[in-house]
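Just below is one structure, and these are the notes that go with it.
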Amino acid sequence: MSIPEAATPETTSSDYSARYYLHYDPVGGEYAWETEHWRNFFLGVADRIVGALAPTTALDVGCARGILVQALVARGVDARGFDISEDAISGAHPDVRDRLRVGSATEPIEGRYDVVTCCEVLEHMEPRDAQKAIDAMCAATDTVLFSSCPNDYEESTHVNTNPTAQWAAWFAERGFFRRVDVDSTFLAPWAIVFQRAELAPRALVERYEARMEPMRNEVIEKRRALLDLQRRYDEVEGPADEASEYDTIRAEVEIDDDALLARHAALSARDHVIGLEASQVRLQRELEAARKRNRDLRDALDDKEDELEKLHASKAWRVGRAVTYPTRRGRD
Amino acid sequence: MTEPQRPMFSIITPVFDPPVEALRETIQSVRDQRFENWELILVDDCSTDPAILPTLREAAAADSRIRVIARETNGHISVASNDGIDAARGEFIALLDHDDLLTPRALRANAYAIAAEEDVDYLYSDEEITFPDGEIIVFKKPDWSPERLRAQNYCNHLSVYRTTLLREVGGFREGFEGAQDHDLVLRVSERARRIVHISKVLYRWRAVPGSTVGDEEAKPYAFSAGQRAVQEHLDRVGIEGRVEFHGPGIYRIERTLPAERRVSIIVPTIGSTAMVWGRPTVMVLNALRTALEHTEHPNVEVVVVADEPTPPKVLQEIRAIVGDRLVLVYFREKFNYSRKVNFGVLRATGDRIVILNDDTEVVSDRWLETLLAPLEEESVGMTGAKLSYSSGTLQHAGLAWSRGYYIHPFREWERDDYGPFGILGINREVSGVTGACVGIRRETFLEVGGLSEELWNSFNDVDFSYKIEFLGYRTVFVATCELFHFETMTRKGAVADWEYRAIRRRWGRPTNDRFTPDFPELPPTGQERRARESRDKRRRVRLESAP
């Protein structure tokens, strides 16, 4: 049995050449330790990792040019990293170069680490490979800092974009659950710290519920505040000019909405009904005229018949017939 | 068929110094009536000619149906006529001037019409006018046309009133001499249950020097009296407007369009360019620019329904001209004029709609107000404008359905021509108006089901006009709303057979137009055509047999 072709395409090392990193982030400049923007960003990330998880050892899976590894080292963590792109590894800063290696995330990881980080990597991998990568990471640590953008479909190498809940479910299959006490948004809004845990459903529910409640309250409070703000804004601005607002909204329209088409159908139907009524009136009129012609003709016919009868009854006729009788007979 | 001898007619003739011979002929024309149940009331208004009164008494002696009232003072025509009305014993009253003639069938035709419509309160009929130089003109009148009556007393002779109604309105009014008939008809028409037009010549009006029709300068006081009569009529029936003098016995009414009416101008377009007066012109831009320039109405929306090939540059310029009053509807289907207009109206928010073709150019100031104001009257269903070709000749002054054809009467007449009996300069009822410029209430447009989409090219306006009439509304031609219509003057016979068939399937074959019964372009009747054909044939035979 052959392995079925993957549902999504696979990306390879050559898809991540130096050119890939050139346009990695047009805002931040070149994706390298030397660039202040990226160095500061990852030093900040490292500070938070140290602050929240206090690891002694760390491994960055898909480390690219090893900026995060270098930042963790700078904060006293014994960090390592690997990446499938030889270009990336060879483009790393000399200070961190020997902590990095070329390797695939699908391969089992040697050794154990206090923390494994995996930032924006798995969405680049074909789904079955991504599962292998999760397996490998979960075997090498009890704590994973993970991020994968749930909605960036535009980047060509994002062949495996998934909602955050989906990634969380895959980690949960391996006994890893969200650390709800750690705010991981310092890395990305969708980043999660997963930790191995023996959790009864009750504990899990409690953990999520405990986070959900304040969030729901926050949403309600914010909605209320927004409404208040809108009302105060309206008071200051006065009521909206209805006519002009209406006009702007409907200034350019297609003939496509159902309400319009329904009104149009009613309009056409009315035209047809009036047309039928008009035809009926016309036919009635023509019938009336025909009946009158018929009556007149019949009257005329009756008159002629009366005339004829009178003629036949007249003395002159009878005498005339009697006189001409012999000759007519002869002709017959 | 037996002749009805009901009702009884009272013929009232106020007499003041007519030529005696003419007076004798007038009386004789009554005695010659085929219908016999009448009385003739001759009211002598203190004639100065001593031969008059004896002539009247002599007539009364000869026929017991003739009575004479001899006034002791001269009271002028209104007072004298009122004396006759007071004395009348007939169910209906007919007015006959002292030097005019009834045709022998006049009373019988009225009796038949009354028998056919029992609730009729007022009847008028066609008349023949003889000018002093011997020229004779027949005035074939339209069916009941209240808008036209405000512009001129087209009813005139022979007028027959129900006696009770005539007394109810108080007969003629003093102070309106010269326009007393116009004033009376206006007041009677406001209360009449039914008004009937008999399209037969029942009256011969002999225009002698000094009578209103023959000598326009003879009775200058008539005009201000007429203007006042119409103005008071407008005030009574609640029409907001001002009466203006337009010509002898002809008035124009400047009406007011309430500022709160929201107007939607619907312009279907494909954004095409054509030569106008030697310049390449994007038609729709020209139409929109002039349309918006020539109105002061504050509440206007423009709905442009654009076919897909409309150039984006044209759309841009439309946006620039119309600004935030624009609603742009993209029409992406096969061309169908009716459908484009229907969707335009369905998208519009106005309670008054103007359908405007993009190959027009507005000429009149306050055109929008003028076109739409008559729609303030419930019974007016639609209005149309006066359209001219770029050459300055008329393209449209109302449509007529005559002898199987759907016609633009007075086409290619001069734009400022008065027309026969002033017909081109006044607002009047017509059978239909061309679709190039139409004013209508939004609710009426919806009520009649919009433009018929089966008639996607021609005749949708003809069908629409028929529908307006079918639902009991009047269509009014507005002479004071003028536009150019750059339709090619040579576009004749563009209507396909199937379009004729579709119109006739609904409405039948037209015979005589109700509102424009007579005009120079009237096609020949079948009889006339056959006569001409046989004459041509005879001529051909003669030619062929000639040596």
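In what follows, every heavy atom counts, from backbone to side chain, and hydrogens, waters and symmetry copies are set aside. These numbers were taken from a predicted model, which means no experiment stands behind them. Throughout, a chain's letter reflects where its sequence line sits, starting with A, and its residues are numbered from 1.
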> Sub-3.5 Å donor-acceptor pair from the side chain of B:R505 to the main-chain atoms of A:S279, do we have one?
Replying inline: no

>> Once rounded to the nearest 0.5 Å, what's the spacing between atom CZ of B:R509 and atom CD of A:E286?
In response: 11.0 Å

> Is A:H272 close to B:E454 at the side-chain level, that is, under 4.5 Å between some pair of heavy atoms?
Replying inline: yes

> Would you say B:E118 has more than 12 foreign heavy atoms packed within less than 6.0 Å of its CD?
Replying inline: no

>> So for B:R504, is it side chain, backbone, both, or neither that comes closer than 4.5 Å to the heavy atoms of chain A?
In response: backbone

> Does B:E260 CD have over 12 foreign heavy atoms under 6.0 Å away?
Replying inline: yes

>> With rounding to the nearest 0.5 angstrom, report the CZ to CZ distance, B:R506 to A:R282.
In response: 11.5 Å

> Does a sphere of radius 6.0 Å around CZ in A:R298 hold more than 12 heavy atoms from other residues, nucleotides or ligands, not counting ones at 6.0 Å or beyond?
Replying inline: no

>> To check you understand the geometry: which heavy-atom pair defines the closest contact between B:W507 and A:A278, and what is its length?
In response: CZ3-CB, 3.2 Å

> With only heavy atoms counted, which part of B:L315 is less than 4.5 Å from chain A, the side chain, the backbone, both or neither?
Replying inline: neither

> Crowded around B:Y405 OH? As in, over 12 foreign heavy atoms under 6.0 Å?
Replying inline: no

>> Please classify the contact of A:Q280 with chain B as side chain, backbone, both or neither, using a heavy-atom distance under 4.5 Å.
In response: neither

>> Please report the interatomic distance CG(B:D463) to CG(A:D271), rounded to the nearest 0.5 Å.
In response: 6.0 Å

>> Is A:V281 in contact with chain B via its backbone, its side chain, both, or neither, using a 4.5 Å heavy-atom distance?
In response: side chain

> Contact part of B:Y466 toward chain A, heavy-atom cut-off under 4.5 Å: side chain, backbone, both or neither?
Replying inline: neither

> Applying a criterion of heavy atom separation less than 4.5 Å, what residues of residues 257-266 of chain A form contacts with chain B?
Replying inline: A:D257, A:L260, A:L261, A:R263, A:H264

